[in-house]
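Following: one structure in structure tokens, then a few remarks.
Labels below follow one simple rule: chain letters A, B, ... track the order of the sequence lines, proteins then strands, and each chain is numbered from 1.
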Amino acid sequence: MREVRVRFAPSPTGALHIGGVRTALFNYLLARQQNGTMILRVEDTDQARYVPGAEEYILKSLEWVGIKIDEGVGVGGPYAPYRQSERKPMYMQYAQKLVDEGNAYYAFDTEQELDAMRERLSAAGVASPQYNSITRMQMRNSLTLPEDEVKSLLQVGTSHVVRLKVPRKEEVRLNDMIRGWVMVHSSQIDDKVLMKSDGMPTYHLANVVDDYLMKISHVIRGEEWLPSAPLHVLLYKYLGWEEDMPQFAHLPLLLKPTGDGKLSKRDADQMGFPIFPLDWTDPTSNEKAPGFRESGYLPEALVNFLAFLGWNPGTTQEIFSMDELIKAFSVARIGKAGIKFDIHKAQWFNQQYLRSKPNEVLADYLLHDLQDKNIVCSREKAIKIVSVIKERVTFPQDFWEQGRFLFIPPDSFDESVVNKKWNSEATNVLNAYKLEITKLPLLNATNAKSTLEQVTATLGIATGKILQALRLSLTGLGVGPDLMMIMEIMGKDEVVSRITFALQKLAVKVA
RNA sequence: GGUCCGUUCGUCUAGGGGUUAGGACACCAGAUUUUCAUUCUGGUAACACGGGUUCGAUUCCCGUACGGACUACCA
């Protein structure tokens with residue numbers, strides 16, 4: 001068996017889409033499992049669509065999710081350079097070979113001429129107007145023009161492209177690892193441009209040439225490439241590389257959560273979830289888009305989630321570390337159908353991973369947010385807080401969100417709780433309770449509770465009836481973590497002062 | 001429109017000629033929790049449709065419908 005060499009080959013035209021991350025992940029899993037090589041190649045042959053910063057963004061994104069590049073842009077390697085724009089001089093010779101052997105030709109048609117051809121064809125009722133074995137005979141190319149005219153056109157530097165001469169009648173077939181045999185008749189394939197007039201190769205040529213040169217063994221990419229895969233097969237054949245053709249695996253696409261269509265940034269915006277791994281600011285429009293990282297997703301959770309989009313281990317195990325994924329992965333267990341993206345599952349994974357972290361690590365998240373807010377908090381206290389609200393969080397920032405009342409006393413109180421629970425019974429208990437607490441040397445969860453029970457017992461009121469009022473006075477809210485622990489964390493003085501404040505502020509309502 | 005690919009609970013999926021069609025997320029209910037959350041228990045819920053083949057089809061074949069991708073000197 002040949003050495004496994006896979007590549008992730010994005011275009012630096014903007015932020016890396018989450019679907020791209022998944023493609024990279026599947027490549028990576030295969031590479032690691034087979035002791036192969038993961039290559040990053042940047043396909044920047046379209047100068048017009050180049051976006052500054054995009055390449056760096058891709059690199060950072062892959063690093064964040066834990067996909068390590070063995071060879072390619074950013075790390076180098078034996079087949080450098082790995083940026084197609086820097087490989088520009090290499091492609092012409094292959095195009096030339098195709099031309100010389102009669103498998104490609106020069107075309108001099110202008111944009112207007114191409115438009116006119118398409119219009120003429122569609123006016124004549126042709127189903128799919130394209131530059132192909134029939135129409136090329138009516139166009140201006142080295143197949144129709146006299147040889148000396150072609151020569152002189154080339155000599156004076158007339159703008160031209162190189163097109164593949166697709167055979168008229170031939171069954172082109174490829175064996176996709178996911179879809180099995182896919183057959184397309186060559187009459188359905190058009191004479192694709194291989195070399196553009198600016199001297200750059202198109203995706204099709206560059207991709208095939210580079211995959212061959214870099215000894216790629218498996219091409220794992222999105223299903224959007226399936227229609228052009230037969231063209232690539234033809235290219236391998238004409239270039240004489242059939243023996244070295246990689247195995248193809250076309251991944252099912254990520255679709256919108258609701259309705260139909262493929263997942264887009266618009267859907268993500270509308271439904272309030274990220275679609276890019278990291279925050280991204282478009283350099284031209286300055287438009288900002290949120291990233292999974294900044295939204296609080298843990299890379300290991302995202303990886304686990306992404307791996308299950310189109311793949312499954314065949315067992316009931318759901319939680320997989322990267323190493324476990326590497327062991328369990330197989331292309332054979334990748335599904336064929338498109339996948340509706342459901343952010344709920346991603347959140348669930350996040351929750352699972354977040355909760356499994358030790359309190360010390362979780363405390364760092366809280367401490368970090370507190371630092372941003374200029375709030376001082378000891379590590380021990382942070383650990384205590386985190387352990388109390390651990391079971392109620394999905395994202396790291398939830399520790400702050402749900403624990404903020406511990407640092408910022410309430411200045412307003414939940415109306416509905418006030419209406420329901422703030423009555424003279426409650427204020428009586430609170431007044432007495434406050435006094436009793438003051439006498440305590442130190443307040444902790446245990447004596448906070450026993451003291452409260454004493455007070456309610458002497459006043460002849462059920463503890464349960466006033467607990468919500470106590471919570472309200474301390475946090476301003478009707479819900480939250482265990483009250484006794486909250487009091488222990490706040491400490492005696494804070495508890496007393498908050499009860500006092502609530503008693504003052506809400507006094508009016510009692511009367 | 002044409003070409004190609006696809007279709008099992010709302011979602012991700014397992015399965016496969018004879019199964020009570022399994023799991024997870026989500027949802028709902030009950031228990032626990034003085035609240036909410038957690039946790040536990042239970043529940044609703046699927047083989048797109050029509051023809052074949054077969055003793056028998058959700059599973060195999062063919063159509064239809066529906067969905068998706070592609071249809072650029074973009075990748």
When rounded to the nearest Å, what value does the distance between [atom1] atoms of [N] and [M] take?
| N | M | atom1 | result |
| --- | --- | --- | --- |
| B/A45 | B/A57 | C1' | 23 Å |
| B/C28 | B/U58 | C1' | 28 Å |
| B/C40 | B/A24 | P | 11 Å |
| B/G6 | B/U13 | C1' | 16 Å |
| B/U53 | B/U41 | P | 48 Å |
| B/U59 | B/G63 | P | 15 Å |
| B/U11 | B/A46 | P | 12 Å |

Given that both distances must come in under 3.5 Å, which nucleotide forms a Watson-Crick or G-U wobble pair with [N]?
| N | result |
| --- | --- |
| B/U33 | none |
| B/U64 | B/A48 |
| B/A75 | none |
| B/G18 | B/C55 |
| B/C25 | B/G10 |

Is it the case that atom NZ in A/K449 sees more than 12 heavy atoms from other parts of the structure closer than 6.0 Å?
no
A/R333 atom CZ: more than 12 heavy-atom contacts under 6.0 Å
yes
Think [X] has a side-chain N or O under 4.0 angstrom from the OP1 or OP2 of [N]?
| X | N | value |
| --- | --- | --- |
| A/R355 | B/U39 | yes |
| A/R49 | B/A75 | no |
| A/K196 | B/A75 | yes |
| A/K345 | B/U11 | no |
| A/T202 | B/A72 | no |

Among the candidates [options], find the nucleotide nearest to the side-chain atoms of [X].
| X | options | value |
| --- | --- | --- |
| A/L226 | B/C70, B/G1, B/C5 | B/C5 |
| A/D342 | B/U11, B/A26, B/C12 | B/U11 |
| A/L255 | B/G2, B/A24, B/G68 | B/G68 |
| A/S128 | B/G23, B/G2, B/C12 | B/G2 |
| A/Y203 | B/C73, B/C5, B/A75 | B/A75 |

When A/P481 and A/Q130 are each assigned the nearest nucleotide of RNA chain B, the 5'-most assignment goes to A/P481
Quick check: on RNA chain B, is the nucleotide nearest A/W181 upstream (toward 5') of the one nearest A/P10, or the reverse? Name the residue that is more 5'.
A/W181
Quick one: label [X] by what it contacts on the DNA or RNA (base, sugar-phosphate, nothing), any heavy atom closer than 4.0 Å.
| X | value |
| --- | --- |
| A/G335 | nothing |
| A/D191 | nothing |
| A/M200 | nothing |
| A/V193 | sugar-phosphate |
| A/D190 | nothing |
| A/S197 | base |
| A/T45 | sugar-phosphate |
| A/L483 | base |
| A/R333 | sugar-phosphate |

Output the rounded distance in Å from [atom1] ([X]) to [atom2] ([N]).
| X | N | atom1 | atom2 | result |
| --- | --- | --- | --- | --- |
| A/F349 | B/U13 | CZ | C1' | 12 Å |
| A/I319 | B/C25 | CD1 | P | 10 Å |
| A/H344 | B/A24 | NE2 | P | 18 Å |
| A/Q402 | B/U38 | CD | C1' | 11 Å |
| A/N312 | B/U13 | CG | C1' | 6 Å |
| A/L309 | B/C25 | CG | C1' | 12 Å |
| A/W225 | B/A72 | CH2 | P | 13 Å |
| A/M177 | B/C5 | CE | P | 18 Å |

Option among A/I39, A/N207, A/V6 that satisfies the side chain to side chain contact (heavy atoms under 4.5 Å, CB included) test with A/I216
A/I39
Give the ring-plane orientation class for A/F108 versus A/Y106, where under 30° counts as parallel, over 60° as perpendicular and anything between as tilted.
tilted
Parallel, tilted or perpendicular, judged at 30° and 60°: which one describes the rings of A/Y203 and A/H232?
tilted
OH on A/Y353 to CG on A/L298, rounded to 0.5 Å
9.5 Å
Side-chain (A/S133) to main-chain (A/P167) donor-acceptor, under 3.5 angstrom:
no
Would the base of B/C70 count as contacting A/S228 through its side chain, where contact means a donor and an acceptor less than 3.5 Å apart?
no
Can you find a side-chain donor-acceptor pair between A/D44 and A/S85 that sits under 3.5 Å?
yes
Check the pair A/T394, A/F349 against side chain to side chain contact (heavy atoms under 4.5 Å, CB included), reporting the backbone distance first and the verdict last.
CA-CA 9 Å; A/T394 302; A/F349 274 115; over 6 Å; no
